[in-house]
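Beneath this line is the structure, given in C-alpha cells, with notes to follow.
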There are 2 protein chains.
Amino acid sequence: MKKIKDENTEDQILNAAKNIFQTKGMDGARMQEIADKAGINKAMLHYYYRSKQLLFEAVFKNAFSLLAPQLNAILNDDSSIEDKIKNFTANYISFIIKHPYLPNFIIQELNRNQDFILKLKDRGFPSIEKFKKQVDEEINKGLIKPISAEQLFINIMALNIFPFVAKPLIKAITKSDDKHYKELIEERKTEVANFIINSIKTT
Amino acid sequence: MKKIKDENTEDQILNAAKNIFQTKGMDGARMQEIADKAGINKAMLHYYYRSKQLLFEAVFKNAFSLLAPQLNAILNDDSSIEDKIKNFTANYISFIIKHPYLPNFIIQELNRNQDFILKLKDRGFPSIEKFKKQVDEEINKGLIKPISAEQLFINIMALNIFPFVAKPLIKAITKSDDKHYKELIEERKTEVANFIINSIKTT
DNA sequence: ACTTAGTTTAACCATATGGTTAACAATAGT
DNA sequence: ACTATTGTTAACCATATGGTTAAACTAAGT
C-alpha cells in the first residue's frame, strides 16, 4: 500500500502549496494553480487536505514552526543580551535570505485573520517571560541602560524583520536595484547589532 | 447636472472601497461588498471606476499620498537630525493611530505587485538624497556617530512602522490585550526617539 | 487469482464573481 | 414642454472557483 516514489504526493502538494500560498497569500492562491505546480489532479488536494483552509493551515503552521525557533533564540537562550543580539541579527538575516517570503507571509496572514494566532499558541510558541527577567537582571548589574524588555524586544524584531517586509518600499526610496538592496541587507548583519548595543550599553 | 447630496456617489464609493480594500486587500475584497458598504448598486462601481483594478489603484494612490508626506518629514525637513527623529516618531505614531490599516495595506500590496510602485514614482515620491547629505554633514561636524544614511533611515522606519505591521505577533508574544498593546505603542512615542538618538549621538 | 484498501483521474456541480446591458429616472439647458 | 446628458437600477452573462463523485487503477495480503 505504500507508494515507492521520489517524493510522496502529500509532500509534493505541501511544497507546491507553500510556494503558492507564500507568494500569493490565502486569498490570491488558487487550488488549480497549486495542483498544477504539484503536477497532480486538483481532486488530490482535497483527498489529502480536505479543503483550501486546511491546506493553508498546514502551510502556515509549517512556516511558523520555522520562525518560532528564531524568535526563541532571543527570548530563551542563556547567553548575555549583547551576545544574543549579535547572534540573532547575523543568524536571522541569513535565515531569511534562505526563506525570503516567510516574514511577509506570516505577518500578512496574521493580520488577515486575527483569531488564527490562537491555533498556534502552544508548544514552543515564543514567550517573553524569561527575557524580561534577564533584561531586569542586566539592568540591575549595570550592564545595560534601563529599558523595558518589551520595548527592547520590539526594537530587535523591528530592526531585523522590517527591512524584508518593506523591501519594495526600501528599494524605491533608496533607489536600489537588487544588487544594492542585497548589499544593504548584508551590511545589516553587523550594523543592526551595533546600532542596538550602542543604544543600550552602559558606558 | 450636479447632484445636490450630502456626499456624492463617487466619494461614497471611494470611501467604501478604502474601507474594504485596506482591511481585506485586493484579492480578498469583493466588488459586491464595496457596493453594499457604499449603499449603492454594483454597476455604479463600474460606471465610476471602470474596473476593480482601477478602483483599487484610486484607493492605493490615495493611501500612499497620505504616507508619503510622513516619510518626507524625515527625508526633506530642514531641522537637525535629532529634532527630525523626535518629531517624526511622535507624529508618525499619532498619524497611524488615526489610520491603523495604512502601513499594512501599503506594504502588503507593494509586495503583491512589485511593478505597482512604478506608477507612484513621481510627484513627491520620497527620495533619500537630501537626507544623505545632511547625515554626512552632521557626521563631519561630529554631531552624530558615523552611520550610512540608508541604514539610519531604514532603522527609523523599522522602529516606527514595524510595531503596527506586526501587531498580532507582538500582542501574542507579549501576551498583551488591546489596552496593553496601546500602552506599549504610546510609550514608543518617546522611547523610539531616545533609542535611536542614544545610539547615534556622540558623547 | 481474488479481494481489499488506498490512490488517481476526468467529469461534473453549485455558487461566486467581475463585468455588461438595456431600460428607466433625474436634471439642466433650450 | 422637449431633449440631451448624466445617474441609477435590476437582470443578465461568461467565467472562475472550491469542492464532489463515481469510476478506474495500483499494490499488497491471502
Side-chain angles (χ1 to χ4, degrees), chain A residues 1-62 105 108-109 112-113 115-116 119, chain B residues 1-62 105 108-109 112-113 115-116 119:
Chain A
M1 282 153 191
K2 280 268 179 60
K3 240 342 186 11
I4 307 129
K5 253 195 181 177
D6 306 338
E7 197 191 21
N8 68 27
T9 307
E10 201 168 336
D11 287 346
Q12 272 175 267
I13 293 175
L14 197 63
N15 283 331
K18 253 183 226 172
N19 197 305
I20 303 295
F21 276 130
Q22 294 195 1
T23 49
K24 311 210 166 179
M26 170 66 168
D27 293 332
R30 294 290 160 252
M31 293 298 267
Q32 188 59 59
E33 200 180 356
I34 294 172
D36 291 347
K37 178 140 274 178
I40 48 122
N41 192 290
K42 183 162 66 84
M44 292 272 80
L45 303 180
H46 294 94
Y47 180 75
Y48 282 101
Y49 292 91
R50 269 182 56 102
S51 70
K52 185 183 183 183
Q53 179 63 25
L54 287 174
L55 177 54
F56 173 80
E57 285 178 19
V59 169
F60 189 88
K61 281 178 188 161
N62 198 295
F105 173 63
Q108 188 185 133
E109 298 301 330
R112 197 179 54 83
N113 186 353
D115 310 320
F116 203 60
K119 294 192 181 167
Chain B
M1 281 154 191
K2 280 267 179 59
K3 236 354 188 1
I4 307 132
K5 253 194 183 178
D6 306 337
E7 199 191 19
N8 67 28
T9 308
E10 199 168 338
D11 287 346
Q12 272 175 268
I13 293 175
L14 197 64
N15 284 331
K18 253 183 226 173
N19 197 304
I20 303 294
F21 277 130
Q22 294 194 2
T23 48
K24 310 211 166 176
M26 171 67 169
D27 292 332
R30 295 289 161 252
M31 293 298 266
Q32 187 59 59
E33 201 181 355
I34 294 172
D36 291 347
K37 178 141 274 177
I40 48 122
N41 192 290
K42 185 161 66 84
M44 291 274 80
L45 302 181
H46 294 94
Y47 180 75
Y48 282 100
Y49 291 91
R50 268 181 57 98
S51 69
K52 186 183 184 185
Q53 178 64 25
L54 287 175
L55 177 54
F56 174 80
E57 286 179 20
V59 169
F60 189 88
K61 281 178 187 163
N62 197 295
F105 173 63
Q108 188 185 132
E109 297 301 330
R112 197 180 53 84
N113 185 354
D115 310 321
F116 203 61
K119 294 190 182 169

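A note on names: the letters A, B, ... follow the listed sequences, proteins ahead of strands, and every chain is numbered from 1. These numbers were taken from a predicted model, which means no experiment stands behind them.
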Checklist entry - Got A:D27 and A:R112 here, is their nearest side-chain heavy-atom distance under 4.5 Å? => result yes
Side-chain donor-acceptor pairs under 3.5 Å in residues 41-48 of chain A, sequence neighbours left out?
| residue | atom | partner | partner atom | Å |
| --- | --- | --- | --- | --- |
| A:N41 | OD1 | A:A43 | N | 2.8 |

Next on the checklist: Applying side-chain hydrogen bond (donor to acceptor under 3.5 Å, both in side chains), can you list everything that pairs with A:K52, at least two apart in sequence or on another chain?
Outcome noted: none
Checklist entry - Is the distance from OP1 or OP2 of D:dT8 to the nearest side-chain N or O of B:T9 less than 4.0 Å? => result yes
Item to check | ring pair (Phe, Tyr, Trp, His ring centres under 6.0 Å) involving B:F116 - partner list, sequence neighbours excluded | outcome: B:F56, B:F60
Next on the checklist: Give the residues of residues 15-32 of chain A touching DNA chain C, defined as any heavy atom closer than 4.0 Å, sorted by residue number.
Outcome noted: none
Checklist entry - For DNA chain D, what residues of residues 48-62 of chain A have any heavy atom nearer than 4.0 Å? => result A:S51, A:K52
Checklist outcome for this item: The reported gap from CD in A:Q108 to CE in A:M26 (rounded to nearest 0.5 angstrom) is 12.0 Å
Checklist outcome for this item: Per the under-4.0 Å heavy-atom filter, residues of residues 40-47 of chain B near DNA chain C come out as B:K42, B:A43, B:H46
Enumerate the protein-to-nucleotides 23-25 of chain D contacts in which both atoms are nitrogen or oxygen and the separation is below 3.5 Å.
none

Item to check | Separation of A:L14 CG from A:L55 CG (nearest 0.5 Å) | outcome: 7.0 Å
Next on the checklist: List the residues meeting side-chain hydrogen bond (donor to acceptor under 3.5 Å, both in side chains) with A:E33, not counting sequence neighbours, and say none if there are none.
Outcome noted: A:K24
Next on the checklist: Can you pull out every salt bridge (charged side-chain N to carboxylate O under 4.0 Å, His left out) where at least one residue sits in residues 11-22 of chain A? Sequence neighbours excluded, please.
Outcome noted: none
Checklist outcome for this item: Residue set satisfying side chain to side chain contact (heavy atoms under 4.5 Å, CB included) with A:A38, at least two apart, ordered chain then number -> A:A16, A:I40
Item to check | Atom pair CD (A:E109) and CD (A:Q22), whose distance is rounded to the nearest 0.5 Å | outcome: 10.0 Å
Item to check | side-chain hydrogen bond (donor to acceptor under 3.5 Å, both in side chains) involving A:D36 - partner list, sequence neighbours excluded | outcome: A:Q32
Checklist entry - With sequence neighbours excluded, what pairs up with B:N15 under the side-chain hydrogen bond (donor to acceptor under 3.5 Å, both in side chains) test? => result B:E7
